[in-house]
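Okay, so here's the structure we're looking at.
Counting convention: from 1, in listed order, for ligands and their atoms alike.
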Amino acid sequence: MPVQPRVDLDSLPSYVAGRSVPGAIKLSSNETPGGPLPSVKQAIADASENMNRYPDISVAKLAARLAEKLGLPVEEIAVGCGSVALCQQVVQAMCREGDEVLFAWRSFESYPIVTQIAGATSVRVPLDGTQTHDLDAMAAAITPKTRLVFVCNPNNPTGTAVRKQELERFLDRVPEDVLVVLDEAYTEFVTDADVPDGIDYVRSRENVAVLRTFSKAYGLAGLRVGYFAGPAQIADAVRKVYIPFSVNSLAQIAAMASLDAEEELLARCETIAVERDRVRAELVEAGYDVPDTQANFVWLPLGDKALEFAEHTLANKVVVRAFAGDGVRVTISHHDENDLFLHAARSYRSTS
Ligand SMILES: *Cc1c(COP(=O)(O)O)cnc(C)c1O
């Protein structure tokens, strides 16, 4: 018999990346449309001189910068090769076979994948009727086997966000030995002041962690860098399961240069948020049901029509991300690209 991998991997879904189609506008991966700032490009170019050297394995400078920015001890920070890698590390750091990882569904597609790779069990709690986390149902789904709960806020792919009061009520109900991981990949696009900043709970509670990334608001998706902030003993374990050197030197340098240019980058996010609200309003005007979104994308719960809608926008040279049988996620870009998408969405309504 030829060599075979673990049989349980047969049922492991593969991560589906947003499609890129030459000649079409890509609104399928929640990237920001602006390229790296000149200052960040320069820092990357300068750092390329030292590519014969290994990166700093402990990512010390960047971790110290982040600790200072967040007002947390550096022991509570772990930098990773994108926050997707950190999702996997935190599950590996917390769970053994048979342990349960709880999350909403639909939510970020990495959660079930990293859970299964670790040999743990996914427990999915359906979103409520407004496509938002049903935190009461999630609290009720916690069992003695639950080790970890992911709360993606705002939620990918629906864009909806839980507010402070409901999140605090939920956190009060979670047993102290269960870690709540707030995945805040889109936090920089939030405009509603009632949506919490998870770092406040890292400071005030013993079982809350936050994941953030440089891929979205900071425009470094191609370089792979994100961070974990949470209880020191968990941050330590997350660092233990880190693949050595996986945060490369260019990523470390570019992340620091991006923190230097933070104001300019966050101003871009504000522009995206204004466009997001415009696109949502125009879709609603055109007759679409679009949940309130606090991220850099909108969600169209089209059910069985999701794939057909995506084919239609593709025929109009706009690539969106369809989730078969469920809905379509569309990333917000520049005004003109958003208009091309809106044009395609309107023409779909008039033809279907
Ligand atoms: C995009 C995204 C991430 C992370 O991305 P990285 O590029 O791996 O840092 C994490 N969580 C959610 C919910 C995301 O949408």
*Residue pair Ser110, Val84: steps toward the side-chain contact (heavy atoms from CB on, under 4.5 Å) verdict*: CA-CA 7 Å; Ser110 283; Val84 165; 3.9 Å; yes
*Any residue meeting side-chain hydrogen bond (donor to acceptor under 3.5 Å, both in side chains) with Lys317, in chain and number order, not counting sequence neighbours*: none
Without placing hydrogens or testing angles, list every side-chain donor-acceptor pair under 3.5 Å for residues 189-207, not counting sequence neighbours.
unit_1: Thr191; atom_1: OG1; unit_2: Arg276; atom_2: NH2; d: 2.8
unit_1: Asp192; atom_1: OD1; unit_2: Asp194; atom_2: N; d: 2.7
unit_1: Asp192; atom_1: OD2; unit_2: Arg163; atom_2: NE; d: 3.1
unit_1: Asp192; atom_1: OD2; unit_2: Arg163; atom_2: NH2; d: 2.9
unit_1: Asp197; atom_1: OD1; unit_2: Ile199; atom_2: N; d: 2.9
unit_1: Asp197; atom_1: OD1; unit_2: Arg212; atom_2: NH2; d: 2.9
unit_1: Asp200; atom_1: OD1; unit_2: Arg203; atom_2: NH1; d: 3.2
unit_1: Tyr201; atom_1: OH; unit_2: Glu168; atom_2: OE2; d: 2.7
unit_1: Arg203; atom_1: NH2; unit_2: Leu70; atom_2: O; d: 2.6
unit_1: Ser204; atom_1: OG; unit_2: Asp200; atom_2: O; d: 3.0
unit_1: Arg205; atom_1: NH1; unit_2: Asp172; atom_2: OD1; d: 3.0
unit_1: Arg205; atom_1: NH2; unit_2: Asp172; atom_2: OD1; d: 3.0
unit_1: Asn207; atom_1: ND2; unit_2: Pro175; atom_2: O; d: 3.3
unit_1: Asn207; atom_1: ND2; unit_2: Val178; atom_2: O; d: 3.0

*Run the side-chain hydrogen bond (donor to acceptor under 3.5 Å, both in side chains) check on Asn155 and Thr158 step by step: do they pass?*
CA-CA 6 Å; Asn155 187 45; Thr158 60; 3.0 Å; yes
Less than 3.5 Å apart, N/O on ligand 1 and N/O on the protein: could you list those pairs with the distances?
unit_1: ligand 1; atom_1: 7 (O); unit_2: Ser215; atom_2: OG; d: 2.5
unit_1: ligand 1; atom_1: 7 (O); unit_2: Arg224; atom_2: NH1; d: 2.7
unit_1: ligand 1; atom_1: 7 (O); unit_2: Arg224; atom_2: NH2; d: 3.3
unit_1: ligand 1; atom_1: 8 (O); unit_2: Ser83; atom_2: N; d: 3.1
unit_1: ligand 1; atom_1: 8 (O); unit_2: Val84; atom_2: N; d: 2.9
unit_1: ligand 1; atom_1: 8 (O); unit_2: Arg224; atom_2: NH2; d: 2.7
unit_1: ligand 1; atom_1: 9 (O); unit_2: Ser83; atom_2: N; d: 2.6
unit_1: ligand 1; atom_1: 9 (O); unit_2: Ser83; atom_2: OG; d: 3.2
unit_1: ligand 1; atom_1: 9 (O); unit_2: Thr213; atom_2: OG1; d: 2.5
unit_1: ligand 1; atom_1: 9 (O); unit_2: Ser215; atom_2: OG; d: 3.3
unit_1: ligand 1; atom_1: 11 (N); unit_2: Asp183; atom_2: OD1; d: 3.2
unit_1: ligand 1; atom_1: 11 (N); unit_2: Asp183; atom_2: OD2; d: 2.8
unit_1: ligand 1; atom_1: 15 (O); unit_2: Asn156; atom_2: ND2; d: 2.8
unit_1: ligand 1; atom_1: 15 (O); unit_2: Tyr186; atom_2: OH; d: 2.5
unit_1: ligand 1; atom_1: 15 (O); unit_2: Lys216; atom_2: NZ; d: 3.2

*Distance only, no hydrogens: is a donor on one side chain within 3.5 Å (strictly under) of an acceptor on the other, for Tyr186 and Asn30?*
yes
Going by atom type alone, with no hydrogens or angles, which donor-acceptor pairs under 3.5 Å involve a side-chain atom of residues 11-18 and a protein atom two or more places apart or on another chain?
unit_1: Ser11; atom_1: OG; unit_2: Asp8; atom_2: O; d: 3.1
unit_1: Ser11; atom_1: OG; unit_2: Gln116; atom_2: NE2; d: 3.0

